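The structure presented is a predicted model; accordingly, all values stated were derived computationally and were not measured.
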Amino acid sequence: MKNSNTAIFWGEQPAYDADPTVWHELSHNNPDSFSYTATKEAAEELKNNSVAAVDLSGYEVTGGFGYNLNTGVNDRFLEIILGGVFTDDGGGTLVLDADSAADGATYLAFDKTWADSVYNYYSNMLLQKLELVFEADGKMMATASLLGGNAETRTVATYSSPTAKTVVGGRTGSLGLNAISFNGAGFGACVSKVTIVIERAVTASPCLANGGYKKPKNGALKVTGAIDVHFKDHTHYQVALNEETASISWVDTSGGKERTYLLPKVALTGQPNPGGNDDDVMASFEYTALLDDVLATELRISEVDA
């Protein structure tokens, strides 16, 4: 089949193995960024030292897509993997906290149209990982990884009357990164890149009631990442060497909004090794986010009007 690069639609399933009732057009950075692999398990039947037949059982489906962070169009994916929703704190600030205890699964379905009116339909998918990349000389990007249990071809579109894209807080325009702080103070050095990797321990088990499809189950939350910084002094390096914890935050300004990403308690797990020559000396600090005793979260995302 020829790929017509047409739109991809997604929706939240009201229950496992049920079609979504509300659909959205997926905003992704290019058609090729949406990928999937549907794998069937095979059992070989041997006869006279040869393979006489192959018995195929249920699917395991994996996939993913990438998108820009500049408008907040896909903020619902942040809510799903973190286990919460953006909520007004009563003072006009929208707050989303990572919730390690939230193990309720939100199953997703995707419908992709091909040129000859054939529709690839993937359902019972869970968000397994969401990686956010904030880079000084590039776009601010997100990459989502999916694990699911069903892939099929349909001749009629499952989606109908897609609703407008949901934008949390009405963010518009290009993203700008500034006000990066370390332990509540300025970083004291130029930060060139920050990443956040949000992972759920998603597993898939065979499900006899669904034709052998593997039913994914949600699990524990883990937040890790890295910071690339111009090496100016030994402040951050010493924290890593002494196995101390620190707080890290930065602000994304776009479209009249200020979105703050706060990691209230992190362990710098990498071992930076700054070298010495006449070029810029860089240090990369890997971190693992810890559950903060005061905020009771590993990651807080908040947003106010600028």
Side-chain angles (χ1 to χ4, degrees), residues 12 27 66-104 106 127-135 139-145 165-184 187 191 193-200 218 220-227 245-267 287-306:
E12 298 178 41
S27 177
Y67 62 91
N68 299 335
L69 283 170
N70 58 334
T71 61
V73 163
N74 291 326
D75 277 341
R76 179 58 186 148
F77 297 126
L78 267 176
E79 294 179 327
I80 289 172
I81 198 166
L82 289 176
V85 294
F86 279 96
T87 303
D88 195 314
D89 66 355
T93 300
L94 295 174
V95 177
L96 171 63
D97 283 344
D99 186 354
S100 303
D103 58 358
T106 300
L127 268 176
Q128 189 173 32
K129 182 169 71 173
L130 192 60
E131 182 174 357
L132 313 180
V133 179
F134 305 83
E135 198 162 6
K139 293 181 178 179
M140 312 306 174
M141 301 296 299
T143 302
S145 298
K165 301 181 181 70
T166 301
V167 180
V168 173
R171 303 169 72 231
T172 59
S174 60
L175 180 149
L177 190 62
N178 55 27
I180 303 175
S181 64
F182 185 86
N183 279 338
F187 226 95
V191 177
K193 183 179 179 180
V194 182
T195 62
I196 303 178
V197 181
I198 307 164
E199 296 180 271
R200 284 280 180 182
N218 221 352
L221 176 72
K222 184 177 182 180
V223 180
T224 59
I227 299 176
T245 59
S247 66
I248 302 172
S249 66
W250 61 94
V251 179
D252 146 23
T253 57
S254 59
K257 304 290 181 178
E258 290 186 356
R259 173 166 291 187
T260 300
Y261 293 82
L262 170 63
L263 298 156
K265 186 179 182 181
V266 301
Y287 67 80
T288 298
L290 308 177
L291 184 66
D292 183 68
D293 297 331
V294 177
L295 298 181
T297 187
E298 301 95 326
L299 170 62
R300 168 168 289 184
I301 304 174
S302 58
E303 181 173 295
V304 296
D305 291 335

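- Considering only residues two or more places apart in sequence or on other chains, L295 meets the side chain to side chain contact (heavy atoms under 4.5 Å, CB included) condition with L262, P264, D292, T297, R300.
- Rounded to the nearest 0.5 angstrom, I248 CD1 and L299 CG are separated by 11.5 Å.
- What you find for A296 and L291 is that their closest heavy atoms are C-CD1, 3.5 Å.
- Residues T245 and Y287 fail the side-chain proximity criterion, which asks for heavy atoms closer than 4.5 Å.
- Between the E79 side chain and the F86 main chain, a donor and an acceptor come within less than 3.5 Å of each other.
- D75 contributes atom CG, which lies 11.0 Å from atom CD1 of I80 (distance to the nearest 0.5 angstrom).
- Using the six-membered ring where Trp is involved, W250 and Y261 have ring planes that are parallel, under 30° apart on the 30 and 60° scheme.
- Checked against side chain to side chain contact (heavy atoms under 4.5 Å, CB included), D293 has the following partners two or more places apart in sequence or in another chain: K265.
- The shortest heavy-atom contact between G83 and D99 is O-CB, 3.7 Å.
- Rounding to the nearest 0.5 Å places CD1 of I196 at 6.5 Å from CD1 of I301.
- Distance check: E199 CD to L221 CG gives 9.5 Å after rounding to the nearest 0.5 Å.
- Considering only heavy atoms from C-beta on, L78 comes within 4.5 Å of I198 through its side chain.
- Residues forming a side-chain hydrogen bond (donor to acceptor under 3.5 Å, both in side chains) with Q128 (at least two apart in sequence, or on another chain): none.
- Note that CE of M141 and OH of Y67 are 9.5 Å apart. Values are rounded to the nearest 0.5 Å.
- Within the structure, side-chain hydrogen bond (donor to acceptor under 3.5 Å, both in side chains) pairs that include any residue of residues 85-94 do not occur (at least two apart or interchain).
- In this structure, CG on L82 lies 9.0 Å from CD on E298, to the nearest 0.5 angstrom.
- Under the side chain to side chain contact (heavy atoms under 4.5 Å, CB included) criterion, S145 pairs with K129, not counting sequence neighbours.
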